[in-house]
Amino acid sequence: MTDSAHPSPTAPERYNAKDAEPRWQAAWAQARIYETKNDDPRPKYYVLEMFPYPSGRIHMGHVRNYAMGDVVARYKRARGFNVLHPMGWDAFGLPAENAAMERGVNPRDWTYANIATMRAQLQAMGLSLDWSREIATCDPAYYKHQQRMFLDFLGKGLVTRRTAKVNWDPVDHTVLANEQVIDGRGWRSGALVESRELTQWFFKITDFAQDLYDALDGLERWPEKVRVMQRNWIGRSEGLEVRFALDGRDGEIKVYTTRPDTLFGARFLAVAADHPIAAQVAASSPDLQAFIEECRRIGTAQAAIDTAEKLGFDTGLKVRHPLDPAWLLPVYVANFVLMEYGTGAVFGCPAHDQRDLDFSNKYGLGNTPVVCPEGQDAQSFVITDTAFDGEGRMINSRFLDGMTTDEAFKAVANRLENEVLASAPVGERKVQFRLRDWGVSRQRYWGCPIPIIHCADCGPVPVPVADLPVALPEHVSFDVPGNPLERDEAWRAVPCPACGAPARRETDTMDTFVDSSWYYARFTAPWLSDAPTDRVAVDRWLAVDQYIGGIEHAILHLLYARFFMRAMQATGWSGVSEPFGGLFTQGMVVHETYKDAAGAWVAPAEIRIASEAGERRAIHVRTNEPLAIGAIEKMSKSKRNVVDPDDIIASYGADTARWFMLSDSPPERDVIWSEEGVQGAARFVQRVWRLVSAAASASGAGGADSGLRKAAHKALAAVEEDVERLRFNRCVAHIYTLANALEEALKGPVSVGAADEAAGILVQLIAPMMPHLAEECWRALGREGLVAQAPWPAVERDLLVEDSVTLPVQLNGKKRADVTVPRDADNATVEALVLTSEEVRRALEGRVPRKVIVVPGRIVNLVV
RNA sequence: GCGGGCGUGGUGGAACUGGUAGACGCGCCGGACUCAAAAUCCGGUUCUGGUGACAGAGUGUCGGUUCGAUUCCGACCGCCCGCACCA
């Protein structure tokens with residue numbers, strides 16, 4: 001350091017992150033200390049952050065995510081675990097194709113260039129990653145195994161091909177899974193999705209619906225919020241499927257209901273617009289045909305559903321009530337009935353379902369209340385425009401009258417299961433799920449090819465395993481919209497593996513969520529070329545002990561991965577069914593927004609913060625123009641409130657960025673990135689360096705050092721507890737407290753031993769968060785080797801126990817005094833000491849306590 | 001509408017299973033060092049009254065349980081998130 005104009009002989013040098021960080025990164029890489037061996041006998045710990053899409057550059061969200069994971073990895077390593085902490089790239093996806101279309105680059109070249117940039121950025125963060133296990137999902141060495149598993153799943157009946165109504169994204173020109181449609185719009189493009197009938201490959205996630213639902217209860221280390229979301233998405237319900245016979249003609253309509261108890265309240269039947277019965281009637285009714293088309297038109301625009309009125313069309317058909325063949329019910333086609341759920345038909349019970357009531361009131365179908373709330377007089381119980389959907393006693397329901405809703409459910413189910421219509425039971429108990437099968441076909445180039453060959457004679461034929469991978473053709477053009485694979489005749493034309501006749505390859509590729517559904521399993525043995533997984537390795541490492549990522553994957557990725565593990569288990573590629581034992585969803589990185597007088601957004605890099613009359617003001621660096629400070633929002637290009645990690649690392653160093661990320665907010669909440677906060681973190685980096693330097697050169701001949709030792713071990717114990725629970729902001733607070741104590745101690749006489757011990761503990765406590773600074777300090781203290789390899793220090797429990805304890809004394813719940821008592825004094829002794837205390841006697845003003853409550857070690861309350 | 005969560009100083013947030021509310025950081029105010037700046041250090045910082053020790057009030061609002069409530073219960077107000085014609 002020679003940049004100081006007036007170097008002081010006593011002032012220690014400033015810590016230079018720019019010099020130290022690359023130096024320690026090189027030292028770690030050279031010692032290969034983060035490379036993990038599968039045969040290491042120590043207990044395993046698998047920590048994983050959701051791998052990034054190589055979009056070009058890392059952003060602050062990545063910094064936060066990976067900083068958290070790295071703290072856990074480094075801490076667990078110090079605690080003696082064999083830690084697996086790998087990194088890879090979720091490398092297939094549309095942005096690569098968009099870049100190809102806009103700039104004429106090859107998607108592969110674009111992706112790998114981004115990977116190179118982002119890998120360098122992650123390395124500059126000093127993450128303790130095992131780069132020897134790096135994988136990219138666009139590598140044929142990866143997706144070949146995915147194709148293999150696709151074929152295995154197909155063999156097990158877990159993959160099917162069928163024609164179905166699917167969500168079509170007109171902007172991205174591809175199909176989307178149900179999970180990828182948010183509020184009727186594509187999750188990436190934001191375009192309103194359209195409904196199209198296409199032949200698609202599906203993963204039969206519904207085969208595991210019950211297990212995926214039940215196993216959520218066992219995921220105790222997942223946020224409750226995510227479990228609730230998955231439960232709702234799977235949407236389990238128990239009910240009865242009831243067959244209604246058509247009157248005056250052959251046929252029946254199947255209805256699924258969760259309320260068979262209300263069957264005597266039925267007033268009508270309604271079927272979906274695309275129900276077969278509707279089509280039959282429409283064949284001879286142009287009016288119904290027009291109505292069905294109207295429903296379809298409205299139905300495609302999901303957003304219209306909220307405002308859409310309940311509309312129906314009377315088909316003229318009648319069905320017989322299953323509990324009374326003489327009772328006829330009209331059949332409507334209704335716009336609110338979904339073909340996709342249940343049987344596509346419902347029976348309408350207006351009194352006990354709001355939607356049915358609205359419909360009934362509109363078409364004058366009336367209602368019959370059949371469930372009377374407890375405590376309500378049955379005679380006067382009338383429904384007008386608010387349906388009653390609670391529980392109660394059955395009324396107007398013949399043999400059910402007087403039963404509870406539960407009893408009535410069972411009674412109806414039992415009777416209809418034993419009633420016969422056309423040689424089959426009228427009713428059947430069924431469990432329904434909202435979850436649909438996962439459509440994985442995507443009409444895009446930059447994805448994993450589906451390993452199927454279509455033959456005119458043999459139909460879809462699996463590609464033989466020996467022929468895998470089905471690799472993407474390298475030279476493709478994007479000058480025409482759509483999937484270039486469809487136009488690549490040289491790639492498409494292949495002989496049928498079954499009969500040898502000329503055939504053509506499947507041109508759809510797999511949803512990129514397939515790629516990310518098993519990468520964590522691949523990390524356990526990524527070098528394997530002849531199989532997706534090594535059973536010994538995958539069974540040993542999984543489940544991932546701590547998975548960290550954004551809440552936006554609560555359903556998508558986290559549900560798909562749970563399915564995929566089960567499918568891998570069914571095909572022998574894993575012995576484990578749950579991929580992630582512990583899940584943590586971190587909050588976003590947000591930032592203030594700034595606008596100039598003209599209303600244009602101004603980036604944080606272009607402003608400085610000044611304070612005038614005690615008020616924060618934003619000033620434009622170049623023009624000195626005052627700027628309006630706007631709302632705090634998620635970092636986004638459109639609001640220009642983005643801070644580039646590279647800039648922060650260049651000016652402050654990675655440790656400062658990591659420390660600030662971890663310090664300011666609880667990790668599950670959003671963190672506000674602020675210039676003041678970063679500067680605070682940078683100040684602390686220098687302060688630690690100064691303190692450690694001072695401790696290293698301390699030469700005091702002893703003194704009252706037990707306070708310092710206590711502070712060090714208290715901080716150590718507290719950090720242990722909080723880092724285990726990922727409460728990094730509290731770890732930071734404990735570390736500050738220790739730094740304050742050390743600084744205080746170094747001002748007076750202190751023993752060299754105590755100062756050295758406390759400084760050593762301080763360095764080890766910061767090491768998981770600020771690894772480079774910690775190494776530099778470790779060396780300054782004269783310790784051997786790398787702090788990254790040093791075992792975690794042991795807490796001396798004796799130091800945590802105080803000999804005497806100062807108890808607050810309350811009078812009627814208000815604190816009036818402090819009284820110091822021996823630690824192990826019994827309640828009577830404490831009471832005596834308190835009552836003789838001068839302070840307490842003054843506060844009592846001669847009154848005698850009616851009651852004395854002593855909570856050992858905590859508090860004393862006197863009631864007067 | 002249904003489900004989940006949250007309301008604490010100027011600010012981000014602490015407070016273990018009911019036991020000293022505001023730890024720790026940021027900001028701000030005052031001071032020291034300096035020709036000056038940066039850096040650093042010292043003191044203060046919930047509100048009200050008082051020079052002061054101290055007194056009173058205080059965790060969205062109202063009520064309850066308790067010796068004692070940010071914490072438990074009830075009602076209400078506000079905010080955030082998820083789902084939403086699911087039969």
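Protein chains get the first letters and strands the later ones, always in sequence-line order, with residue 1 at the start of each. Heavy-atom basis, side chains included; hydrogens, waters and symmetry copies ignored. Everything quoted here is computed from the prediction, not taken from an experiment.
- Nearest heavy-atom pair, A:Phe433 versus A:Tyr341, reported as atom, atom and distance to 0.1 Å: O-CE1, 3.8 Å.
- A syn base is found at B:G9: its glycosidic angle is within 90° of 0.
- For the pair A:Asn740 and B:A23, the criterion of a side-chain N or O lying under 4.0 Å from OP1 or OP2 is not met.
- Phosphate contact (OP1/OP2 of B:C42, side-chain N/O of A:Lys747, threshold under 4.0 Å): present.
- Phosphate proximity of B:G82 to A:Asn232: absent, as no side-chain N or O sits under 4.0 Å from OP1 or OP2.
- A donor N or O paired with an acceptor N or O is not found under 3.5 Å between the base of B:C86 and the side-chain atoms of A:Arg436.
- Using a 4.0 Å heavy-atom cutoff across all strands shown, A:Ser663 reaches no nucleic acid atom at all.
- Using a 4.0 Å heavy-atom distance criterion, A:Tyr736 is classed as a sugar-phosphate-only contact.
- Considering only side-chain N and O atoms, A:Arg683 lies under 4.0 angstrom from the phosphate OP1 or OP2 of B:C26.
- Counting heavy atoms from C-beta on, the side chains of A:Phe347 and A:Thr257 come closer than 4.5 Å.
- In this structure, A:Arg434 is positioned above the aromatic face of A:Trp233, its NZ or CZ under 6.0 Å from the six-membered ring centre and within 45° of the axis.
- When all heavy atoms of A:Glu391 and A:Val371 are compared, the pair lying nearest together is C-CG1, 4.0 Å.
- Applying the 4.0 Å criterion to OP1 and OP2 of B:G82, one finds that A:Arg231 has every side-chain N and O outside that range.
- Residue A:Arg434 places no side-chain N or O under 4.0 Å from the OP1 or OP2 atom of B:C85.
- For the OP1/OP2 pair of B:C41 and a distance below 4.0 Å, the side-chain nitrogens and oxygens of A:Arg690 include at least one atom meeting the criterion.
- For A:Arg669 and B:G13, the shortest distance from a side-chain N or O to OP1 or OP2 is below 4.0 Å.
- With both pairing distances under 3.5 Å, B:C83 is matched to B:G1 as a Watson-Crick or G-U wobble pair.
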